[in-house]
*Asks:* 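Structure provided below as structure tokens; questions to follow.
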Amino acid sequence: MDFQLTEEQLAVQAAARDFAQSELWAGVIERDEHQKFPTEQIKKMGELGFLGMMVSPEYGGGGMDTVSYVLAMEEISKVDASCSVIMSVNNSLVCWGLEKYGTEEQKRKYLPRLTSGEIIGAFCLSEPEAGSDATMQRTTAEDKGDHYLLNGTKNWITNGSSASVYLVVAQTNPELKHRGINVLIVDKDMPGFVVGPKENKLGIRGSDTHSLMFTDVKVPKENRIGEDGFGFKFAMQVLAGGRIGIAAQALGIASGAFELSLKYSKERKAFGVEIAKHQAIQFKLADMATNIDAARLLCLQAAHDKDAHQDYAKTGAMAKLFASKVAMDTAVEAVQIHGGYGFVKEFHVERMMRDAKITQIYEGTSEIQKIVISRELLK
């Protein structure tokens with residue numbers, strides 16, 4: 001058992017930290033306030049290799065391990081969770097899924113542009129009546145011989161309007177239920193594809209979340225990923241890995257809120273001394289730090305299991321379940337430690353509290369994670 005990071009992993013961590021502090025920090029409040037997509041920042045993330053970290057260099061990626069990805073996600077999320085969710089979707093759901101299950105032609109067509117930041121991707125599973133129950137796909141992909149005719153609506157899609165390529169999960173054979181589901185690569189310019197209005201969200205307001213509508217969209221057969229009926233398994237596989245990314249995002253939000261609270265507690269005075277000298281604040285800081293370290297170890301264990309080609313369904317779900325709770329609890333306490341200032345936007349922690357909540361919901365709610373964990377335990 002080795003808890004030491006390699007030189008390469010430490011270098012990735014340092015690069016992500018430097019980028020977050022120098023490029024993301026300055027405008028993060030404005031982007032949150034105005035729901036402004038971080039176009040320039042995402043472009044720079046692509047140039048630095050943060051959008052295709054685990055993709056093979058053969059397709060323009062960094063060829064890095066999942067541990068490095070978790071370290072980078074934490075550092076980016078400490079400053080701007082909107083940027084980190086864009087990074088997570090592109091890495092975990094789109095690039096990983098394409099490289100793992102796509103054809104050679106699909107990989108060469110899309111991955112170099114996705115990893116460089118020339119374009120970004122979106123993963124389209126959720127629907128108005130298919131959230132936690134992903135088997136209830138109402139979006140249909142009717143087999144027309146050499147192409148599919150795609151019809152339906154997708155909800156809460158991250159990168160909804162800013163993406164150029166979409167991995168869309170749809171039902172082809174309803175009588176086969178989840179075994180009749182396919183996943184199709186849809187380009188933004190395909191006729192019949194319409195991006196709906198932008199959602200006005202509680203948190204991660206810098207990322208763009210939209211509904212998507214498909215009306216008789218003609219998708220070539222060569223755009224299907226995997227064999228006929230592979231779509232549901234594809235979705236579950238990419239979400240299992242995606243949970244590690246969101247767990248790391250939650251960890252980063254918690255870490256960022258804690259670091260701001262620790263700094264503030266040494267500066268703010270009450271009753272004649274710094275509030276860090278009051279036991280009430282010391283105990284809060286102790287609990288925050290302990291929980292964050294525990295969450296980090298769970299995230300790194302899940303990443304290690306994935307890199308070692310071991311089953312990471314349980315450890316990934318545990319990491320997301322626990323880290324998302326730690327993010328929420330830590331952010332709430334960070335606002336409390338800041339007192340009245342914590343309620344003011346310029347001190348950042350209120351934004352972190354708003355951003356933290358979604359980590360308990362997307363890519364599998366906390367309740368779904370408990371189902372995954374219990375099923376793994378009972379096998």
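Each residue takes its place number in the sequence, starting with 1. Because only heavy atoms are used, hydrogens play no part in the values below, and waters and symmetry mates are left out as well, while side chains stay in.
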*Asks:* Does E267 come within less than 4.0 Å of K263, counting only side-chain N to carboxylate O?
*Replies:* yes

*Asks:* How about I42 and L51: do any of their side-chain heavy atoms sit closer than 4.5 Å?
*Replies:* yes

*Asks:* Return each pair, listed once, that meets ring pair (Phe, Tyr, Trp, His ring centres under 6.0 Å) where at least one residue sits in residues 206-228; pairs must be two or more places apart or across chains.
*Replies:* F193-F214

*Asks:* According to a 4.5 Å side-chain heavy-atom criterion applied to Ile, Leu, Val, Met, Phe, Trp and Tyr, with indirect links allowed, do L111 and Y101 form part of one hydrophobic cluster?
*Replies:* yes

*Asks:* Is there a continuous path of hydrophobic side-chain contacts, each under 4.5 Å between heavy atoms, that joins F123 to W156?
*Replies:* no

*Asks:* Taking T115 for the side chain and G60 for the main chain, is one N or O donor matched with an acceptor at less than 3.5 Å?
*Replies:* yes

*Asks:* Starting at OG of S207, measure out to CD1 of I86 and round the result to the nearest 0.5 Å.
*Replies:* 5.5 Å

*Asks:* Looking just at side-chain N and O atoms, do E74 and S255 make a donor-acceptor pair shorter than 3.5 Å?
*Replies:* yes

*Asks:* Mind checking whether I185 and L98 have side chains closer than 4.5 Å, heavy atoms only?
*Replies:* yes

*Asks:* Got a sec, which residues hit side-chain contact (heavy atoms from CB on, under 4.5 Å) with E118, two or more places apart in sequence or on another chain?
*Replies:* R113, S116

*Asks:* Using a cut-off of 6.0 Å, state whether more than 12 heavy atoms not belonging to R375 lie near its atom CZ.
*Replies:* no

*Asks:* If we only count heavy atoms from C-beta on, is the V372 to K314 side-chain gap below 4.5 Å?
*Replies:* no

*Asks:* Between T359 and S324, is any side-chain donor less than 3.5 angstrom from a side-chain acceptor?
*Replies:* no

*Asks:* Quick check: do E199 and S211 have side-chain heavy atoms less than 4.5 Å from each other?
*Replies:* yes

*Asks:* Starting at CZ of F3, measure out to CE of M1 and round the result to the nearest 0.5 Å.
*Replies:* 5.0 Å

*Asks:* Filter on salt bridge (charged side-chain N to carboxylate O under 4.0 Å, His left out), then keep only pairs touching residues 88-102, sequence neighbours left out; what's left?
*Replies:* none

*Asks:* Is there a continuous path of hydrophobic side-chain contacts, each under 4.5 Å between heavy atoms, that joins I244 to M236?
*Replies:* yes

*Asks:* Rounded to the nearest 0.5 Å, what separates atom CD in Q171 from atom CG in N151?
*Replies:* 13.5 Å

*Asks:* How long is the straight-line distance from CD1 of I292 back to CG of L251, given to the nearest 0.5 Å?
*Replies:* 7.5 Å

*Asks:* Can you tell whether the side chains of E47 and K44 come within less than 4.0 Å, N to carboxylate O?
*Replies:* no

*Asks:* Please indicate whether Q310 has more than 12 foreign heavy atoms, meaning atoms of other residues, nucleotides or ligands, lying under 6.0 Å from its CD.
*Replies:* yes

*Asks:* Looking at residues at least two apart in the chain, or sitting in another chain, which of them share a salt bridge (charged side-chain N to carboxylate O under 4.0 Å, His left out) with R31?
*Replies:* D80

*Asks:* Is it possible for you to say whether I373 and L239 belong to one hydrophobic cluster, with membership spreading through side-chain heavy-atom contacts below 4.5 Å?
*Replies:* no

*Asks:* Under a 3.5 Å distance rule, please check whether Q249 uses its side chain to pair with a backbone N or O of S82 as donor and acceptor.
*Replies:* no

*Asks:* Does anything in residues 350-379 pair up under ring pair (Phe, Tyr, Trp, His ring centres under 6.0 Å), and if so which pairs, sequence neighbours excluded?
*Replies:* none

*Asks:* Can we say K277 and E274 salt-bridge, meaning some charged N sits less than 4.0 Å from an Asp/Glu carboxylate O?
*Replies:* yes

*Asks:* With no hydrogens and no angle check, do the side chains of D143 and T172 hold a donor and an acceptor under 3.5 Å apart?
*Replies:* no

*Asks:* Can you name the one residue among F343, Y264, Y341, W25 that meets ring pair (Phe, Tyr, Trp, His ring centres under 6.0 Å) with H348?
*Replies:* W25

*Asks:* Is there a side chain to side chain contact (heavy atoms under 4.5 Å, CB included) between M54 and C95? Walk through the geometry before answering.
*Replies:* CA-CA 8 Å; M54 297 170 288; C95 286; over 6 Å; no

*Asks:* Above 12 or not: heavy atoms from other molecules or residues under 6.0 Å from CD of E104?
*Replies:* yes

*Asks:* Is the side chain of N182 donor-acceptor paired with the backbone N or O of G231 at a distance under 3.5 Å, no angle test?
*Replies:* no

*Asks:* Would you say H304 and Y312 make side-chain contact, with heavy atoms under 4.5 Å?
*Replies:* no

*Asks:* Are M318 and I246 grouped together when hydrophobic residues (ILVMFWY) are joined by side-chain heavy atoms under 4.5 angstrom apart?
*Replies:* no

*Asks:* Under a plain distance cut-off of 3.5 Å, with no hydrogens placed, do R243 and Q369 share a side-chain donor-acceptor pair?
*Replies:* yes

*Asks:* Quick one: closest heavy-atom pair of A250 and A327, and the distance?
*Replies:* O-CB, 3.3 Å

*Asks:* Hey, does E8 have a side-chain heavy atom less than 4.5 Å from the side chain of S68?
*Replies:* no

*Asks:* Could you check K78 against E75 for salt bridge (charged side-chain N to carboxylate O under 4.0 Å, His left out), going step by step and ending with a plain yes or no?
*Replies:* CA-CA 5 Å; K78 282 181 183 180; E75 294 300 330; 3.3 Å; yes

*Asks:* Would K306 and D65 pass as an ion pair if we require N to O under 4.0 Å?
*Replies:* no

*Asks:* Do D208 and S162 have a side chain donor and acceptor closer than 3.5 Å?
*Replies:* yes

*Asks:* Can you find a pair of side-chain heavy atoms, one from K188 and one from V165, that are under 4.5 Å apart?
*Replies:* no

*Asks:* With no hydrogens and no angle check, just 3.5 Å: does a side-chain donor-acceptor pair link Y69 and D307?
*Replies:* no

*Asks:* In plain terms, say whether K43 and E40 are close enough for a salt bridge, that is, a side-chain N and a carboxylate O under 4.0 Å apart.
*Replies:* no

*Asks:* Is the side chain of Q137 donor-acceptor paired with the backbone N or O of A134 at a distance under 3.5 Å, no angle test?
*Replies:* yes

*Asks:* Kindly compute the distance separating OG1 (T330) from CD (E333), expressed to the nearest 0.5 Å.
*Replies:* 8.0 Å

*Asks:* Taking atom types as modelled, is there a side-chain donor on Y59 or R108 under 3.5 Å from an acceptor on the other?
*Replies:* no

*Asks:* Between N173 and I181, is there a donor-acceptor pair closer than 3.5 Å when you use the side chain of the first and the backbone of the second?
*Replies:* no

*Asks:* Are any of the side-chain nitrogens in E363 or K320 under 4.0 Å away from the carboxylate oxygens of its partner?
*Replies:* no

*Asks:* For K233, I'd like to know if atom NZ has over 12 heavy atoms of other residues, nucleotides or ligands within 6.0 Å.
*Replies:* no

*Asks:* If I take atom CG from residue L184 and atom SG from residue C124, how far apart are they, to the nearest 0.5 angstrom?
*Replies:* 10.5 Å

*Asks:* Heavy atoms, side chains only, cut-off 4.5 Å: are D228 and R179 in contact?
*Replies:* no

*Asks:* State whether E127 and K154 are salt-bridged, where the test is any N-O pair (Lys NZ or Arg NE/NH1/NH2 against Asp/Glu carboxylate O) under 4.0 Å.
*Replies:* yes

*Asks:* Look at the side chain of R205 and the backbone N and O of D32, then say whether any donor-acceptor pair between them is shorter than 3.5 Å.
*Replies:* yes

*Asks:* Is K144 paired with E142 through a side-chain N to carboxylate O contact shorter than 4.0 Å?
*Replies:* yes

*Asks:* Tell me if the NZ atom of K221 is crowded by more than 12 foreign heavy atoms within 6.0 Å.
*Replies:* yes

*Asks:* With sequence neighbours excluded, what pairs up with D329 under the salt bridge (charged side-chain N to carboxylate O under 4.0 Å, His left out) test?
*Replies:* K325

